[in-house]
Amino acid sequence: MTLDALRSGGKRALAAALASLERDSDGESAQRLLDEAWRSPRAHVVGVTGPPGVGKSSLCAALVAAWRRDGKTVGVIAVDPSSKTSGGALLGDRVRIVHDSSDEGSFVRSMAARDRLGGLADQTLAAMVVMRALFDRVLIETVGVGQSETDVAGVADTVVFCVQPGSGDSLQFMKAGIVEIPNLIVVTKADLGAAAERARADVAGALSLATAGDWPLKTLAVSSRSRAGIEALMAALEGHRAYLAEDGRLAVARHRQSEGWVREALRERFGTRGLARLATLGLDAALPAGAQPFERLRALTTALETPR
């Protein structure tokens, strides 16, 4: 598998490559593809998160349509709840995100969350890295698990947190500390009028209690049904993309994400004792500047598995 082969092979080739990654991401062919893709980032990666039923899928469908109208190619990773029987995705991409399946400029991949509690699937990062090298925009929709849904900050450049009018989401937003995760807040179902405006005001109040960073966190009201607010959301996403491009912010953020992923992958494979053992070997889970996380993980895994 190579990026050129995926580009020429279209959706079928990409679907096969992602399926292969899910089956055996540690295989030689998969690792070569991941290393190549890591060296060729292209897309702005947007994560959409929030409680179940908030309207994330409808919002994602509206974003895909808007990006396609602008001539941007779009890859989507939709992380679904899992079937307890088969372990597979319970809902599936065709049900959750309405899109034109014949459009070669858009691609939707459904992934099962399985036993992950952070809103993402085990292979979300690997799939994101490959799709990031192929598309102009990559959209990641998390499974929707409320307060645990913070993992998306580890794979997305821009995080959009969705709040539903009249549901108490804004209170949970304040209680759970999720205020530190998103770059944009979207009050969905803005066509509900007064209820949507109350939710937007509640969230704005929560934000006033948060420590302001260099990026001013914005709250937008959007209706996927009427398309109200979609253009403003698109502009805000583009604004954050431009912000990240300044002063090397994007490279720094992606490096931190990669380092966190290496550490978490080692913890899952070897536990906290395995991480502690690295020190006895004169190693640590840090990712040197410019290093590829997949290559680093291979090296550290080999060190921990080699008998001493």
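Index from 1, following the sequence.
Residues Ile77 and Trp261 share a hydrophobic cluster, clusters being chains of Ile/Leu/Val/Met/Phe/Trp/Tyr side chains in contact below 4.5 Å.
Between the Ser25 side chain and the Glu22 main chain, no donor and acceptor come within less than 3.5 Å of each other. No donor-acceptor pair closer than 3.5 Å links the side chain of Ser20 to the backbone N or O of Ala16. Between the side chain of Lys56 and the backbone N or O of Gly50, at least one donor-acceptor pair lies under 3.5 Å. Panel note: side chain Thr73, backbone Gly105; no donor-acceptor pair is recorded below 3.5 Å. Listed for the Glu259 side chain is a donor-acceptor partner under 3.5 Å among the backbone atoms of Leu287. Without hydrogens or angle criteria, Trp215 side chain to Asn183 main chain gives a donor-acceptor distance under 3.5 Å.
Residue pairs meeting the ring pair (Phe, Tyr, Trp, His ring centres under 6.0 Å) criterion with at least one member in residues 21-58, sequence neighbours excluded, do not occur. Residue pairs meeting the salt bridge (charged side-chain N to carboxylate O under 4.0 Å, His left out) criterion with at least one member in residues 60-73, sequence neighbours excluded, are Arg68-Asp103.
Residues meeting the ring-ring contact (aromatic ring centres under 6.0 Å, His included) test with His255, sequence neighbours left out: none. With sequence neighbours left out, Arg32 forms a side-chain hydrogen bond (donor to acceptor under 3.5 Å, both in side chains) with Glu28. Taking Arg227 as the reference, nothing meets the side-chain hydrogen bond (donor to acceptor under 3.5 Å, both in side chains) condition, with sequence neighbours excluded. Every salt bridge (Lys or Arg N to Asp or Glu O under 4.0 Å) that Arg267 has, sequence neighbours left out, goes to Glu264. With sequence neighbours excluded, no residue forms a salt bridge (Lys or Arg N to Asp or Glu O under 4.0 Å) with Arg132. Evaluation of the salt bridge (Lys or Arg N to Asp or Glu O under 4.0 Å) rule for Arg225 yields no partner, not counting sequence neighbours. Every residue two or more places apart in sequence or in another chain was checked for a salt bridge (Lys or Arg N to Asp or Glu O under 4.0 Å) with Glu305, and none qualifies. Listed by chain and residue number, Arg298 satisfy the side-chain hydrogen bond (donor to acceptor under 3.5 Å, both in side chains) test with Gln31 (two or more places apart in sequence, or in another chain). Considering only residues two or more places apart in sequence or on other chains, Asp247 meets the side-chain hydrogen bond (donor to acceptor under 3.5 Å, both in side chains) condition with none of them.
Between Phe107 and Phe135, the ring planes lie parallel to each other; the angle is under 30°, not in the 30° to 60° tilted range.
The minimum heavy-atom distance between Ala232 and Leu220, with the atom names listed, is O-CD1, 4.1 Å. Of all heavy-atom pairs spanning Gly274 and Leu304, the tightest one is O-CD2, 3.6 Å.
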N/O donor-acceptor pairs under 3.5 Å from side chains in residues 290-297, not counting sequence neighbours:
residue, atom, partner, partner atom, Å
Arg296, NE, Ala286, O, 3.0
Arg296, NH2, Asp284, O, 2.9
Arg296, NH2, Ala286, O, 3.2

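Counted by atom type alone, Glu36 and Thr2 present zero donor-acceptor pairs between their side chains at under 3.5 Å.
Residues Leu278 and Thr280 form no side-chain contact, since every pair of their non-hydrogen atoms from C-beta on lies 4.5 Å or further apart.
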